[in-house]
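Everything on this sheet refers to the single structure shown next.
All values below come from the heavy atoms of this structure, side chains included, with hydrogens, waters and symmetry mates left out.
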Amino acid sequence: MRRSVTSLSIRNQIPGTVTSVTTGEAMATVKVRLDGGQVLTAAVTLESVKDLGITEGSAVRALVKATEVAVATGPVEGLSIRNQLPGTVTDVTTGGAMASVRITVDGGELTAAITTDAVTDLGLATGSSVVALMKSTEVSLATV
């Protein structure tokens, strides 16, 4: 059953095209080539793949909550997180314990909700080169 969602509270919505779907018993990994050329992997239920009609060539939006985006100052090796998108910080808004970091990546923009301590420790400011990290299990897909 296809559902139409007109608005979401998830700010991170990046358009792309499905390049592969690998299915298991209950879950599937879906590789999405983002409009900027990067590849993102989403781990979603097999039921969702079927309900949404996701196949190779499907136009989708990759959705990630800001609280599920981690920030590094460079590529990270030896880590199970597959999704590492390089980008540039375009805005940092701090308030109390938490901060909002806006990151431009090829083909889109992401927001990361991280602690103000992390912003300070990483020296993040407008113009900083960073890598946005997202676990594949935290990436949802919406068909367009």
Side-chain angles (χ1 to χ4, degrees), residues 1-116 118-119 122 124-144:
M1 166 200 286
R2 290 186 181 233
R3 295 180 184 101
S4 176
V5 179
T6 55
S7 60
L8 295 170
S9 64
I10 298 174
R11 290 181 275 178
N12 297 322
Q13 301 183 30
I14 304 175
T17 304
V18 173
T19 58
S20 71
V21 179
T22 305
T23 58
E25 286 187 35
M27 298 291 290
T29 55
V30 180
K31 294 202 182 286
V32 177
R33 180 167 306 284
L34 303 178
D35 286 356
Q38 316 92 317
V39 175
L40 196 67
T41 300
V44 298
T45 64
L46 193 54
E47 182 179 356
S48 292
V49 168
K50 290 177 182 175
D51 286 351
L52 295 171
I54 294 174
T55 60
E56 189 173 322
S58 295
V60 296
R61 285 193 175 276
L63 310 171
V64 186
K65 291 173 57 176
T67 52
E68 300 301 335
V69 178
V71 179
T73 55
V76 182
E77 293 184 25
L79 188 66
S80 66
I81 297 175
R82 301 292 90 193
N83 299 314
Q84 299 192 29
L85 301 180
T88 303
V89 173
T90 56
D91 186 52
V92 177
T93 304
T94 57
M98 296 300 292
S100 177
V101 179
R102 195 168 296 150
I103 303 164
T104 297
V105 298
D106 285 344
E109 184 176 83
L110 292 169
T111 299
I114 62 176
T115 65
T116 54
V119 169
L122 296 173
L124 300 180
T126 300
S128 297
S129 291
V130 295
V131 176
L133 307 165
M134 295 153 286
K135 291 177 64 174
S136 60
T137 53
E138 299 303 331
V139 177
S140 296
L141 298 175
T143 51
V144 292

**Complete:** CD of Glu138 to OG of Ser136, rounded to nearest 0.5 Å, is 9.0 Å

**Fill in**
CZ (Arg61) and CD1 (Ile14) are apart, to the nearest 0.5 Å, by 9.5 Å

**Fill in**
Across all chains, not counting sequence neighbours, the side chain to side chain contact (heavy atoms under 4.5 Å, CB included) partners of Thr111 are Arg11, Asn12, Ala66, Ser100, Arg102

**Message:** If the condition is salt bridge (Lys or Arg N to Asp or Glu O under 4.0 Å), which residues does Glu47 pass it with, not counting sequence neighbours?
**Reply:** none

**Message:** According to side-chain hydrogen bond (donor to acceptor under 3.5 Å, both in side chains), who are the partners of Thr94, at least two apart in sequence or on a separate chain?
**Reply:** none

**Prompt:** For Thr67, what residues pass the side chain to side chain contact (heavy atoms under 4.5 Å, CB included) criterion, not counting sequence neighbours?
**Reply:** Lys65, Ala113

**Complete:** All heavy atoms of Val69 vs all of Ala132, minimum pair found to be CG1-CB, 4.0 Å

**Those residues that, when tested against Arg82, pass salt bridge (Lys or Arg N to Asp or Glu O under 4.0 Å) (two or more places apart)** = none

**Asked** Rounded to the nearest 0.5 Å, what separation is found between the OG1 atom of Thr137 and the CG atom of Asn83?
**Response** 9.5 Å

**Prompt:** Does the side chain of Val105 reach to within under 4.5 Å of the side chain of Leu34, using non-hydrogen atoms?
**Reply:** no

**Message:** Show me the pairs that pass side-chain hydrogen bond (donor to acceptor under 3.5 Å, both in side chains) and involve residues 14-34, at least two apart or across chains.
**Reply:** Lys31-Thr41

**Fill in**
Tightest non-hydrogen contact, residues Ser58 and Gly53, listed as OG-O, 3.5 Å

**Message:** Could you go through Leu52 and Val44, starting from their C-alpha distance and side-chain angles, then the distance that decides it, and tell me whether this counts as side chain to side chain contact (heavy atoms under 4.5 Å, CB included)?
**Reply:** CA-CA 11 Å; Leu52 295 171; Val44 298; over 6 Å; no

**Request:** Show your working on side chain to side chain contact (heavy atoms under 4.5 Å, CB included) between Met134 and Leu85 and close with a plain yes or no.
**Result:** CA-CA 9 Å; Met134 295 153 286; Leu85 301 180; 3.7 Å; yes

**Asked** Distance from Ile114 atom CD1 to Met98 atom CE, nearest 0.5 Å?
**Response** 8.0 Å

**Fill in**
In Leu110, Asp91, Val119, the residue satisfying side chain to side chain contact (heavy atoms under 4.5 Å, CB included) with Val101 is Val119

**Request:** Measure from the side-chain N and O atoms of Gln84 to the backbone N and O of Val76, and report whether any donor-acceptor pair falls under 3.5 Å.
**Result:** yes

**Item:** Nearest heavy-atom neighbours spanning Val71 and Ala112
**Value:** CG2-CB, 3.6 Å

**Heavy-atom donor-acceptor pair, Thr143 side chain to Ile54 backbone, under 3.5 Å** = no

**Message:** List the residues meeting side chain to side chain contact (heavy atoms under 4.5 Å, CB included) with Ala125, not counting sequence neighbours, and say none if there are none.
**Reply:** Ser128

**Request:** State, to 0.1 Å, how close Leu79 and Leu133 come at their nearest heavy-atom pair, and which atoms those are.
**Result:** CD2-CD1, 4.5 Å

**Message:** Rounded to the nearest 0.5 Å, what separates atom CG in Leu63 from atom CG in Leu141?
**Reply:** 7.0 Å

**Request:** Measure across Gly24 and Leu46 and return the closest heavy-atom pair with its distance rounded to 0.1 Å.
**Result:** O-CD2, 3.4 Å

**Item:** side chain to side chain contact (heavy atoms under 4.5 Å, CB included) partners for Asp106, two or more places apart
**Value:** Gln38

